[in-house]
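Written below as structure tokens is the structure these notes are about.
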Amino acid sequence: MAVEDLGDKVRIVHPKNPDTSAVILKYGATVISWKEKGQDQLWLSEGAKLDGLKPVRGGIPLVFPVFGKQKDENHPTFKLPQHGFARNSTWEFLGQTSEEPVAVQFGLGPENVDKELYSLWDEGKNDFTLILTVTLAEDSLTTRIEVENTGNNTFDFNWLFHTYYNLDDVTDTLATNLMDLQCFDQLLGEHYVEKLPMLSFQEEFDRIYKNVDLHKVIQLVDRGNVVLTLERDNLPDAVVWNPWIKKSEGMADFLPKDGYLKMLCVEPGHVALMVKLTKGEKWSAAQKMIPLGEIKVQTNIYEA
Ligand code: TA6
């Protein structure tokens, strides 16, 4: 069966390949599993809470309406918890929208968000609809979000797909095509231009890359072989994060503790700036994740 509603989660299977599947937890509309030809593409902590008590540690948590913690105390998102409320609210399963590739949709509105939590955003005076579409093709997974301002109040927001990728060994993995970009290093608290042609991971890493040209792909390459190619639509920024040893130890739901060696977050989003949405306006964006493929160098790595 291509689409199975299992109560707290929905399982989708590609009609031509039973080993290509995905599972979406209705809590947070979090993709918690994506297998392509039997290979797990996403990392999910063994300690991840899947009971709706806290955001899922792994898979593809959804960040809205704020990335991180809002630092401007006058901003309407200031009182919200880190990464907002989309990832810790139960979304409605809206059904299947396509046979092949198989696609399903989930929706979130104010009525689905904990009242107290929702009141922390602009005293609850915003009205919105989020529609997430998850599309499973034989050679890719696409997650698309549509945000609509269904109220009278203009609001601004961040959006980010907080994707955790499954790796053989992060110390053998490089991330490409982020050279010469402005980035904010969350560990140093500093802005600088990325000079590394390929990012490697030998310690904690937490950087927000800004204005990554949309025609550029971000690739994860393991000893010369492409593990994953990421394409983006309308998501100009990308966060790259590995918690490494100390941060992993500090997260109770991050297991096993050496799991940081088997994962890397590459998170496409609109986070450097907020998106402003007036009454009745809609905004849409997507990430397309393609396992394997050819190395595509889109920066001039030979330039001094
Ligand atoms: O996306 C990177 C980041 O903002 C890191 O700074 C770290 O906080 C990570 O998200 C995980 O955040 P969480 O709230 O899920 O523990």
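Any value given below was found using the heavy atoms of this structure, including those in side chains, with hydrogens, waters and symmetry copies removed. Each ligand, and each atom within it, is numbered from 1 in the order the structure gives.
Scanning all protein heavy atoms for the shortest distance to atom 8 (O) of ligand 1 gives Gln82 NE2, 3.1 Å. Ranking protein heavy atoms by distance to atom 11 (C) of ligand 1, first place goes to Trp241 CH2, 3.6 Å.
Between the side chain of Asp40 and the backbone N or O of Leu42, no donor-acceptor pair lies under 3.5 Å.
If you look at His162 next to ligand 1, the close heavy atoms, those under 4.0 Å, all belong to the side chain.
Under the 4.0 Å criterion applied to side-chain N and carboxylate O atoms, Lys37 and Asp19 are not assigned as salt-bridge partners.
Taking every heavy atom of Val239 and a limit of under 4.0 angstrom, the matching atoms of ligand 1 come to 1 (O), 2 (C). Interface of Glu267 with ligand 1, defined as ligand atoms under 4.0 Å from a residue heavy atom, comprises 1 (O), 2 (C).
Note that CG of Leu174 and CD of Gln219 are 11.0 Å apart. Values are rounded to the nearest 0.5 Å.
Checking only distances, Arg87 does come within under 3.5 Å of ligand 1, N or O to N or O.
Relative to atom 13 (P) of ligand 1, the option among Lys247, Arg57, Met251 with the closest non-hydrogen atom is Arg57.
In this structure Asp122 satisfies the salt bridge (charged side-chain N to carboxylate O under 4.0 Å, His left out) test together with Lys125, sequence neighbours excluded. Remark: His14 engages no residue in a ring-ring contact (aromatic ring centres under 6.0 Å, His included) (not counting sequence neighbours).
Counting only heavy atoms from C-beta outward, the side chains of Leu117 and Asn88 approach each other to under 4.5 Å.
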